[in-house]
Amino acid sequence: MVLQLSSQEIAERTSAVVEELAQLEGPLLPILHAVQQEFGFVPAGALPVIAEGLNLSRAEVHGVMSFYHDFREKPAGRHVVKVCRAEACQSMGGDAVAERMRERLGVDWHETTADGNVTLEPVFCLGLCACAPAAMVDERLVGRVDEARAVALLAEVGA
Amino acid sequence: MRIFVPRDAAARALGADAVAAEIEAQARQRGVDVEIVRNGSRGMVWLEPLVEIDGAAGRLAFGPMDVADVAGLFEASENHPKALGPTDELDWMKRQTRLTFARCGVVDPLSLADYEAHGGLAGLRRAIGMTGAEIVEEVTESGLRGRGGAGFPTGIKWKTVAGADAPQKYIVCNADEGDSGTFADRMLMEGDPFTLIEGMAIAGLAVGATKGYVYLRSEYPDAIEVMSEAVRIARQERMLGGSVLGSAHAFDMEIRVGAGAYVCGEETSLLNSLEGKRGVVRAKPPLPALEGFLGRPTVVNNVISLASVPVILERGAAFYRDFGMGRSRGTIPLQIAGNVARGGLFEVAFGLSLAEIVDEIAGGTASGRPVKAVQVGGPLGAYFPRELFDTPFGYEDYAAQDGLIGHAGLVVFDDTVDMLSQARFAMEFCAIESCGKCTPCRIGAVRGVETVDRIARGDRPDEQIVLLKDLCETMKAGSLCALGGFTPYPVVSALTHFPQDFTPRPLAEAAE
Ligand SMILES: Cc1cc2nc3c(=O)[nH]c(=O)nc-3n(C[C@H](O)[C@H](O)[C@H](O)COP(=O)(O)O)c2cc1C
Ligand code: SF4
Ligand code: FES
Ligand code: FES
């Protein structure tokens with residue numbers, strides 16, 4: 001469920017995160033991770049709070065955030081499905097599995113289904129290269145995903 | 001009864017959690033007293049989940065286990081259909097030389113007592129009695145070279161940091177393991193985290209650094225969990241902290257999580273990321289050894305380089321150096337992946353040929369079809385055809401074939417692979433992951449994809465092939481780091497060894 005967050009709430013909760021982590025050496029990535037953990041994405045309203053807490057410009061914080069594939073500017077779907085697109089998975093038919101998932105969900109990479117249920121993301125290696133093809137459904141890793149398994153996995157999250 | 005069920009991510013991805021839960025349920029139902037240990041993986045991924053029962057005759061292996069196979073473990077288990085016999089007697093285990101991975105899969109990853117009972121901490125204890133210079137000398141003498149890809153002698157890097165004068169120095173462990181086909185870092189961190197911590201503490205003693213960081217990729221949630229917990233335990237047990245094992249030395253460390261950028265495995269990009277900046281590559285000099293994290297002298301080493309240090313200190317430089325060949329000393333954890341009958345981690349002295357690895361150890365392809373190509377060393381590594389399968393596994397030997405061993409991952413492809421697609425993917429990957437600092441990489445990779453597409457479409461293919469080769473030369477010569485600089489390896493090797501695949505394709509295929 002995506003709750004409507006007030007800008008005050010975003011600012012307060014971000015502030016608490018910044019306060020907790022600002023004393024680390026190189027605190028920005030840990031803060032961005034913690035903010036994303038808190039809200040499910042990094043809301044635009046969090047950036048000025050982080051910037052102020054770390055003595056950076058808002059543009060700098062945004063520049064860092066946008067460099068990394070992990071940080072989202074928008075909420076993801078209720079479920080996130082990551083499919084490995086790298087070589088070991090390719091060697092075991094991963095392309096067909098990925099294609100099947102895309103077709104089944106009716107979305108392209110990085111997109112969320114219209115009902116807000118599933119976000120589909122490519123990933124380059126999950127370290128499961130000896131039991132390829134690999135995928136990650138929310139927090140759960142899955143190995144040896146063939147097309148039938150892919151469809152079953154999507155069915156488990158209601159897609 | 002003690003039963004081992006791996007908590008390794010690959011084992012879990014193949015159902016280990018459900019198997020562990022079923023063992024617990026069955027034990028309760030039968031009133032049998034069972035202690036379940038969630039160990040690391042033994043590295044036989046094709047047999048995962050691999051369950052072991054600790055019996056009078058040592059550990060007996062069963063695998064690959066399904067929930068339905070669990071009940072049988074409580075009956076006449078010798079006749080169990082999944083019984084494999086004593087784990088240590090399995091061919092895959094017997095043929096290895098496990099130095100770095102000696103404890104992985106054997107011990108409870110989060111028991112420091114277990115760690116010590118299996119030889120852990122001996123290296124650190126010895127190091128505490130030595131001077132920093134003596135430790136550096138020992139590591140140099142062992143012949144250990146970086147296992148992260150570049151193969152730089154570890155002792156020499158440490159010597160530079162040791163010689164630098166600064167109020168604070170750092171040990172940074174590169175656990176970004178972005179190369180496809182590799183999982184040694186992950187397996188070690190999940191299966192034997194204290195070995196990495198011990199290696200980092202020894203590095204700290206050697207160069208005079210009191211603080212360490214592990215930069216761990218976010219794609220490895222299990223490794224993050226185990227490492228974080230292991231650091232907490234190590235601190236609690238005074239293996240880390242103000243007085244390491246009661247000595248006058250201080251060393252502590254933190255786990256930092258990456259954010260999904262391949263280029264952050266490059267050491268200077270990693271340092272920028274650790275500092276909270278964009279993961280853009282820095283020009284060298286200055287070397288990170290002199291001006292690294294926050295501008296301070298920093299050792300940046302791969303997980304396996306650091307995790308190989310405890311055994312070197314424990315058994316001595318000569319012991320380690322006696323394994324291997326030429327300038328490739330010691331052992332290397334091969335990661336055999338992709339389309340193979342038996343995939344997993346196999347630690348062995350340098351020098352095996354690709355034929356031995358692929359045909360004998362891995363047992364050929366999973367599909368049963370002929371092997372067409374093996375990509376060695378991750379997405380920047382060359383594709384090897386069967387004609388080069390006699391290449392011995394070593395840094396110089398692979399370089400001589402216009403390839404690299406990288407982080408020692410091998411991805412096997414059967415004869416259905418289309419090498420033009422693989423060349424296209426190499427360029428596409430470089431375009432996606434480029435840090436954007438230099439033009440040959442950022443723009444060159446995009447041009448590379450377009451050029452390969454033109455070959456596929458039959459748009460003056462001969463000219464395009466010449467163009468693609470030129471482009472690769474430009475990328476090699478003009479890129480600041482190995483992302484742009486080595487992407488030509490997979491592309492050129494595909495072109496050189498598999499020219500028959502670089503011909504126009506039927507329209508239907510080219511359209512996608
Ligand atoms: C694009 C790129 C990605 C890299 N990725 C990794 C990596 O994931 N892990 C790693 O240890 N080294 C990686 N390296 C190599 C590091 O730059 C560096 O050589 C290494 O961390 C040094 O440690 P070592 O001497 O122990 O190997 C990468 C290099 C490049 C150019
Ligand atoms: S070669 Fe690519 S990744 Fe490396 S510094 Fe240049 S642009 Fe960045
Ligand atoms: S290549 Fe897909 S998990 Fe490693
Ligand atoms: S920095 Fe010179 S080639 Fe990478």
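Because the structure is a prediction, the values reported are computed rather than measured. Naming: A, B, ... by sequence-line order, numbering from 1 per chain.
Under the 30°/60° scheme for interplanar angles, the aromatic rings of B:Phe425 and A:Phe124 are found to be tilted.
Only the side chain of B:Cys264 comes within less than 4.5 Å of a heavy atom in chain A; its backbone stays farther off. Residue B:Ala261 touches chain A through both its backbone and its side chain, counting heavy-atom pairs closer than 4.5 Å. No part of A:Met65 comes within reach of chain B, as not one of its non-hydrogen atoms sits under 4.5 angstrom from that chain. Using a 4.5 Å cut-off between heavy atoms, B:Val257 contacts chain A through both its backbone and its side chain. Residue contact with chain A, scored on non-hydrogen atoms closer than 4.5 Å, involves the side chain of B:Arg217 exclusively. Looking at A:Leu56, there are no atoms closer than 4.5 Å to chain B (heavy atoms on both sides), in backbone or side chain. Neither the backbone nor the side chain of B:Gln335 has a heavy atom closer than 4.5 Å to any heavy atom of chain A. The contact between A:Val123 and chain B is made entirely by side chain atoms (from C-beta outward), counting heavy-atom distances below 4.5 Å. At a 4.5 Å heavy-atom cutoff, B:Glu177 makes no contact with chain A through either its backbone or its side chain. Looking at B:Val45, the atoms closer than 4.5 Å to chain A (heavy atoms on both sides) sit in the backbone and in the side chain alike. In this structure, chain A has a heavy atom under 4.5 Å from the side chain of B:Pro221, while its backbone stays farther away. Using a 4.5 Å cut-off between heavy atoms, B:Asp414 does not touch chain A at all. For chain A, the nearby part of B:Phe429 is the side chain; its heavy atoms alone come within less than 4.5 Å.
When each of B:Arg256, B:Lys277, B:Glu219 is scored by its heavy-atom pairs under 4.5 Å with chain A, the top score falls to B:Arg256. The most heavy-atom pairs under 4.5 Å with chain B, out of A:His33, A:Met92, A:Glu87, A:Arg144, come from A:Glu87. Note on B:Ala223, B:Ala9, B:Ala362: by heavy-atom pairs under 4.5 Å with chain A, the leading option is B:Ala9. The greatest number of non-hydrogen atom pairs below 4.5 Å with chain A, out of B:Ala184, B:Gly260, B:Ala259, is found for B:Ala259. Between chain A and the residues B:Gly258, B:Ser367, B:Ala373, the largest count of heavy-atom pairs under 4.5 Å involves B:Gly258. If you tally non-hydrogen atom pairs under 4.5 Å between each of B:Gly279, B:Ala337, B:Ser218, B:Ala10 and chain A, the highest count goes to B:Gly279. Counting heavy-atom pairs closer than 4.5 Å to chain B, the top residue among A:Ser66, A:Cys84, A:Ala132, A:Cys131 is A:Cys131. Options B:Pro379, B:Gly343, B:Gly344, B:Ala366 differ in how many heavy-atom pairs under 4.5 Å they form with chain A, and the most are formed by B:Pro379.
Listed here is the closest heavy atom pair of A:Ala130 and B:Ile336: CB-O, 3.7 Å. Counting all heavy atoms, side chain and backbone alike, B:Arg278 lies closest to A:Gly63 at NH1-O, 2.7 Å. Contact between A:Ala86 and B:Ser180 at its shortest, heavy atoms only, is CB-CB, 3.5 Å. In this structure, A:Cys129 and B:Phe183 approach most closely via the heavy-atom pair SG-CD2, 4.1 Å.
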Candidate pair A:Leu141 and B:Asp222, rule side-chain contact (heavy atoms from CB on, under 4.5 Å), full reasoning
CA-CA 10 Å; A:Leu141 291 165; B:Asp222 294 273; 3.6 Å; yes
For A:His69 and B:Ile432, what are the C-alpha separation, side-chain angles and deciding distance, and is it a side-chain contact (heavy atoms from CB on, under 4.5 Å)?
CA-CA 10 Å; A:His69 301 299; B:Ile432 294 172; 4.3 Å; yes
Step by step, work out the side-chain contact (heavy atoms from CB on, under 4.5 Å) result for B:Glu254 and A:Leu24.
CA-CA 10 Å; B:Glu254 274 177 47; A:Leu24 295 178; 3.8 Å; yes
I'd like to know whether A:Tyr68 forms a side-chain hydrogen bond (donor to acceptor under 3.5 Å, both in side chains) with B:Ser273, so could you lay out the CA-CA distance, the side-chain angles of the two residues, the decisive distance to 0.1 Å, and finally the verdict.
CA-CA 10 Å; A:Tyr68 298 97; B:Ser273 182; 3.0 Å; yes
Begin from the C-alpha positions of A:Phe67 and B:Val280 and carry the test side-chain contact (heavy atoms from CB on, under 4.5 Å) through to its verdict.
CA-CA 9 Å; A:Phe67 183 86; B:Val280 175; 4.2 Å; yes
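No more than 12 heavy atoms of other residues, nucleotides or ligands shown are found within 6.0 angstrom of CD on A:Glu52. Heavy atoms from other residues, nucleotides or ligands lying under 6.0 Å from CD of A:Gln23 number more than 12.
Between B:Gln422 and A:Gln90 the shortest side-chain heavy-atom distance falls below 4.5 Å.
Rounding to the nearest 0.5 angstrom, the gap separating the CG atom in A:Leu29 from the CG atom in B:Leu274 is 8.5 Å.
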